[in-house]
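Values reported hereafter were calculated over all heavy atoms of this structure, with side chains retained and with hydrogens, waters and symmetry mates removed. The residues of the chain are indexed from 1 along the displayed sequence. Quantities reported herein were computed from a predicted structural model and do not represent experimental measurements.
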Amino acid sequence: MIKVAIQKSGRLSDDTISLFRECGIRFSRGTGRLKSTATNFPLEFLFLRDDDIPGYVADGVAHLGVVGENVMIEKKKDVILRKKLGFSKCRLSVAIPKGNEYNGPEDLRNKSIATSYPVVLQKWLDEKGLTAELHEISGSVEIAPSIGLAEAVCDIVSTGSTLLSNGLKEVETVMRSEAVLISNKNLDAKQTALLEKLLFRMNAVQTGGSNKYILLNAPNEQLDKIISLLPGMKSPTVLPLHMEGWSSVHSVMAEDDYWEVVEELKNNGAQGILVVPIENMII
Ligand code: ATP
Ligand code: ZN
């Protein structure tokens with residue numbers, strides 16, 4: 001049995017739960033429950049506050065955990081980063097009142113800065129050779145300048161609209177963060193095998209999600225050109241259509257290339273182009 005600590009409710013919860021479900025793990029998420037055992041995998045979830053997850057994983061109460069990389073660094077616990085998960089992307093930024101002039105990090109020297117992430121901020125200040133007076137507060141950091149608590153803030157930003165509505169402007173990015181899978185340092189052989197199994201599935205889901213399956217009909221005289229546009233996993237599958245002189249071509253392509261390639265395919269005579277999502281993909 002492997003125990004996985006995940007956020008009970010917050011910005012990480014829904015995507016974390018979807019990820020494990022996409023990995024084929026079935027479990028229920030009852031409101032108010034602290035634990036849930038998967039029905040088809042030897043895994044138990046512990047629903048916790050995100051701030052507590054690195055500590056529980058370091059102590060071995062949980063073997064694995066999902067947290068923001070910012071929280072993993074902030075808590076300074078002895079855990080291993082196993083995988084970046086690609087969701088809950090945000091940045092930790094320094095912001096100052098909109099009307100203040102700013103010419104670079106030097107302007108923050110000896111200023112008072114309110115933040116919920118003093119460890120991450122201090123690391124950045126050290127790298128810049130700066131000292132500042134940090135005020136650790138646990139929430140509503142963005143109001144600190146207007147109530148006279150601090151001259152600047154260092155807070156999580158995803159769109160910047162909260163900063164703007166509090167009369168602040170973003171001036172420095174201190175770190176970029178996303179959700180990460182962390183593990184205890186001393187997993188035994190069985191736990192390591194379960195972790196490997198999970199990682200295998202997570203990689204397949206991630207690769208699948210960033211690729212598309214494409215099917216199209218092509219006139220045979222255009223096949224070479226069309227196939228050259230579709231690298232596929234090994235090479236595309238080509239099947240004859242019932243109609244003479246035409247073939248059906250099946251392949252896989254990166255989501256990022258999709259619109260460019262579809263355009264080119266059409267220009268080269270492809271018809272009936274179907275693009276379907278891939279649930280997961282093992283290369
Ligand atoms: P808890 O009640 O569990 O302590 P919290 O209020 O501390 O929750 P959340 O706001 O749910 O935390 O954020 C959890 C993590 O999600 C953050 O540490 C960060 O990594 C990420 N995150 C926070 N805000 C955003 C955002 N606006 N966009 C994307 N990701 C975010
Ligand atoms: Zn928290």
Side-chain angles (χ1 to χ4, degrees), residues 2 4 6-7 11-27 38 40-41 43 64-69 80-91 158-159 176-183 192-220 222-241 246-283:
I2 198 160
V4 186
I6 64 177
Q7 192 187 25
R11 289 211 151 89
L12 295 160
S13 311
D14 289 347
D15 286 340
T16 305
I17 282 170
S18 303
L19 173 66
F20 282 95
R21 294 224 160 109
E22 283 167 40
C23 288
I25 293 165
R26 274 191 241 126
F27 60 97
N40 62 347
F41 197 91
L43 183 154
L64 306 178
V66 175
V67 277
E69 202 176 348
I80 304 175
L81 196 170
R82 295 291 184 167
K83 186 172 173 58
K84 295 198 178 200
L85 300 173
F87 57 84
S88 297
K89 286 193 175 174
C90 58
R91 55 191 189 274
S158 58
T159 61
R176 292 185 185 280
S177 176
E178 65 187 87
V180 291
L181 179 73
I182 56 172
S183 88
T192 305
L194 289 172
L195 167 62
E196 293 298 334
K197 221 169 166 170
L198 276 175
L199 285 171
F200 175 81
R201 294 187 188 188
M202 285 178 181
N203 289 333
V205 169
Q206 231 170 38
T207 315
S210 57
N211 285 279
K212 302 266 182 209
Y213 193 78
I214 182 162
L215 306 95
L216 58 87
N217 295 329
N220 287 348
Q222 286 291 88
L223 269 179
D224 285 346
K225 177 68 193 164
I226 283 174
I227 287 169
S228 73
L229 295 167
L230 292 171
M233 288 212 277
K234 270 208 168 58
S235 89
T237 308
V238 179
L239 303 164
L241 284 194
W246 282 77
S247 298
S248 168
V249 180
H250 300 200
S251 189
V252 168
M253 73 181 160
E255 188 169 28
D256 291 346
D257 302 335
Y258 165 60
W259 287 110
E260 296 266 332
V261 173
V262 165
E263 192 91 343
E264 283 273 301
L265 291 170
K266 252 183 65 186
N267 294 340
N268 282 284
Q271 294 182 5
I273 304 172
L274 298 180
V275 178
V276 279
I278 296 172
E279 210 157 280
N280 59 67
M281 182 165 147
I282 292 120
I283 309 172

To check you understand the geometry: which heavy-atom pair defines the closest contact between [X] and [Y], and what is its length?
X    : Y    : result
K89  : G86  : CE-O, 3.8 Å
S88  : R11  : OG-O, 3.2 Å
V249 : A218 : CG2-CB, 4.4 Å

Could you give the distance from [atom1] ([X]) to [atom2] ([Y]), rounded to the nearest 0.5 Å?
X    : Y    : atom1 : atom2 : result
Q222 : L265 : CD    : CG    : 11.0 Å
L241 : S247 : CG    : OG    : 6.0 Å
I25  : N40  : CD1   : CG    : 7.0 Å
N220 : L223 : CG    : CG    : 5.0 Å
F20  : L43  : CZ    : CG    : 6.5 Å
I214 : S251 : CD1   : OG    : 7.5 Å

Using a 4.5 Å cut-off on heavy atoms from C-beta on, say whether the side chain of [Y] contacts that of [X].
X    : Y    : result
L229 : M253 : no
I6   : L12  : no
V66  : L19  : no
F27  : R21  : yes
T16  : L85  : no

I'd like to know whether L64 forms a side chain to side chain contact (heavy atoms under 4.5 Å, CB included) with I182, so could you lay out the CA-CA distance, the side-chain angles of the two residues, the decisive distance to 0.1 Å, and finally the verdict. CA-CA 6 Å; L64 306 178; I182 56 172; over 6 Å; no

Side-chain atoms of residues 192-205: list all donor-acceptor pairs with protein atoms under 3.5 Å, sequence neighbours left out, distances to 0.1 Å.
unit_1 : atom_1 : unit_2 : atom_2 : d
T192   : OG1    : D188   : O      : 2.8
R201   : NH1    : C23    : O      : 2.8
N203   : OD1    : K83    : NZ     : 2.7
N203   : ND2    : L199   : O      : 3.2

Can you give the donor-acceptor pairs under 3.5 Å from side chains of residues 266-283 to other protein atoms, not counting sequence neighbours?
unit_1 : atom_1 : unit_2 : atom_2 : d
N267   : ND2    : E263   : O      : 3.4
N268   : ND2    : E264   : O      : 2.8

Without swapping roles, check the side chain of S177 against the backbone of E69 for a donor-acceptor pair under 3.5 Å.
yes

